[in-house]
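To start, the structure itself, in structure tokens.
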Amino acid sequence: MTKIFTNQGGFLELYSLTISDIRELLKRKEISVIDVVNAVYRRIDAVEDRIKAFITITKEKSLEMAESAQKNINNDNAYLCGVPLAIKDNICTKGILTTCGSKILYNFIPPYESTVTSRLTENGYVLIGKTNLDEFAMGSSTENSGFHTTKNPWDLERIPGGSSGGSAAAVAADECIAALGSDTGGSIRQPAALSGVVGFKTTYGRVSRYGLIAFASSLDQIGPITKNVRDSAILLNVISGHDELDSTSAPLTVSDYTRVLGQDIKGMKIGVPGEYFIEGMDKEVEKAVRDALKKLESLGAIPVEISLPHTGYAVATYYVLATSEASSNLARYDGVRYGLRIEGKDLMEMYMNTRSQGFGAEVKRRIMIGTYALSSGYYEAYYRKAQQVRTLIKKDFEDAFKEVDVILTPTSPTATFKIGEKTAEPLQMYISDIFTISVNLAGVPAISIPCGFTSNNLPIGLQLIGSHFDEESILKVAYAYEQSTEWHKRKPIL
Ligand code: GLN
């Protein structure tokens with residue numbers, strides 16, 4: 001069986017359902033795990049050649065995992081038992097190709113499992129495949145992938161956002177029930193916004209980074225990309241929490257995030273930072289976000305004008321710090337132990353051949369910028385200065401959260417753009433993360449949820465930011481908004 005009948009007399013395809021729907025049907029024995037997995041593969045067969053969301057599809061593994069999930073189906077604590085999920089290809093999966101979107105890892109099969117996918121496995125999930133990304137998660141469109149560009153399901157001539165564009169497109173196109181992405185400067189939230197789905201980046205330290213291929217270790221976080229807010233809370237329940245294998249993971253207990261869904265938001269204070277409503281942003285985006293604020297007001301929330309005065313320095317600060325960390329993290333790809341190796345007459349030539357042919361242009365650009373910013377004589381002017389500014393940006397948020405419960409902004413200044421539109425001008429691409437980057441620098445959590453469409457039917461995202469380790473307030477407000485609107489129910493026609 002691959003369809004279910006609704007009480008409105010129509011039918012729904014199983015692949016279009018959410019995690020909570022699927023779990024209900026599985027528990028009531030109305031469907032089996034293999035029904036869901038087959039439905040998802042039928043969908044992939046129908047649309048993947050147009051979307052290109054995946055680098056690897058793991059059909060054999062899915063069938064194995066489906067079989068063991070079916071045996072465990074009555075376990076109430078296994079929220080994900082039998083649920084087909086896609087995983088961004090910078091998250092290590094034992095025995096399964098993990099490329100990080102790079103030719104330098106074209107043959108890398110991790111000998112270990114990341115903590116997040118171990119937790120998903122214990123919970124009974126079914127891996128559908130590994131999704132496309134900008135090489136080493138550096139980019140905002142998936143155009144920097146070493147393999148191919150993913151298409152936006154709402155308009156196949158446009159990008160799905162990035163770097164988790166494969167995950168966002170796969171969720172939007174119903175090629176999986178939900179997915180994991182990673183976010184260093186916006187890579188979960190921006191593609192979620194541009195593809196019309198929900199993306200959550202947690203507080204730095206909330207989710208273990210063990211087994212996430214490092215880009216900028218002080219900024220990277222793994223998080224869910226889902227069809228609605230409830231599914232995001234469900235996935236967070238499984239992946240969050242302390243992990244001994246990641247020394248930066250926070251030793252805090254995690255409560256059940258679904259508990260806050262449906263709670264009243266009356267009296268909650270919503271901060272609106274003037275710095276996030278800027279000259280040059282798309283008028284339709286601005287209107288949708290302002291309308292969302294009015295909607296929240298009608299639900300009893302109180303808007304408060306606030307200021308995050310150092311916002312203007314965020315992009316520059318990020319591109320010094322992220323590139324510095326990347327230049328150091330990426331030194332390990334030398335052709336010696338794993339990944340690509342291009343021989344040369346001696347060791348030095350082998351290094352040079354491997355790295356110059358293995359890395360793409362954007363990755364090389366960043367290694368060069370980062371190496372420069374860390375080099376003696378420039379370190380004080382760039383890297384150290386950027387660290388100081390980062391502290392000020394963090395303090396902006398701490399001050400703001402003395403007055404408000406959450407902060408509301410657009411996720412991205414524009415809706416999705418055309419393939420090729422920004423590839424010639426890296427700065428144009430960098431600017432598309434202007435509203436998401438400060439959140440990573442400060443380490444605070446934030447979600448992007450659908451809040452409208454442009455006149456040419458392209459999705460618009462709303463960002464809600466919370467204070468450190470207060471994922472609950474974000475989920476509460478996001479859920480209240482989602483339940484009073486219909487945006488999350490629209491699907492692209494494919
Ligand atoms: N687009 C930003 C960059 O290129 C952020 C990427 C990310 O969050 N991984 O660095």
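Index from 1, following the sequence. Predicted model only: the values in this text are computed from it and were never measured. When a ligand or atom number is given, it counts from 1 through the structure's own listing order.
Below 3.5 Å of separation, one finds no N or O of Ser182 facing any N or O of ligand 1. When only interatomic distances are considered, the shortest N/O to N/O separation between Gly186 and ligand 1 falls below 3.5 Å.
Classification of the Tyr333-Phe136 ring pair by plane angle, with boundaries at 30° and 60°, yields tilted. Ring geometry, Tyr313 versus His310: the interplanar angle falls from 30° to 60°, so the pair is classed tilted. Ring geometry for Tyr112 versus Tyr210: interplanar angle of 30 to 60°, hence tilted.
For the pair Lys422 and Phe417, the cation sits on the ring face: its NZ or CZ lies under 6.0 Å from the ring centre, inside 45° of the axis. Note that Arg490 lies in the cation-pi zone of Phe453, set by a 6.0 Å cut-off to the ring centre and a 45° limit from the axis. Because its NZ or CZ atom is not both nearer than 6.0 Å to the ring centre of Phe359 and within 45° of the ring axis, Arg365 does not count as a cation-pi partner of that residue.
Within the structure, ligand 1 lacks Gln190 among the residues with a heavy atom less than 4.0 angstrom away. Contact annotation: Ser163 has at least one heavy atom less than 4.0 Å from an atom of ligand 1.
Interface of Phe215 with ligand 1, defined as ligand atoms under 4.0 Å from a residue heavy atom, comprises 9 (N), 10 (O). Listed by atom number, the atoms of ligand 1 under 4.0 Å from Ala137 heavy atoms are 6 (C), 7 (C), 9 (N). Of all atoms in ligand 1, listed by their number and element, those nearer than 4.0 Å to a heavy atom of Gly139 are 1 (N), 2 (C), 3 (C), 4 (O), 6 (C). In the vicinity of Gly185, heavy-atom distances shorter than 4.0 Å reach the ligand 1 atoms 5 (C), 7 (C), 8 (O).
No hydrogens or angles considered: nothing links the side chains of Thr436 and Gln190 as a donor-acceptor pair under 3.5 Å. A donor atom on one side chain and an acceptor atom on the other are not found under 3.5 Å apart for Asp134 and Ser145.
Looking only at heavy atoms of the protein, atom 2 (C) of ligand 1 is closest to Asp433 OD2, 3.0 Å. Among protein heavy atoms, atom 10 (O) of ligand 1 sits closest to Tyr318 OH, 2.6 Å. Of the protein's non-hydrogen atoms, Ser187 OG, 2.8 Å is the one closest to atom 6 (C) of ligand 1.
Contacts of Tyr319 with ligand 1, taken as heavy-atom pairs under 4.0 Å, involve the side chain alone. Here Arg366 has side-chain heavy atoms under 4.0 Å from ligand 1, and that is the only part of it that gets that close.
Side-chain atoms of Glu135 never come within 3.5 Å of backbone atoms of Gly146 as a donor-acceptor pair (strictly under, hydrogens ignored).
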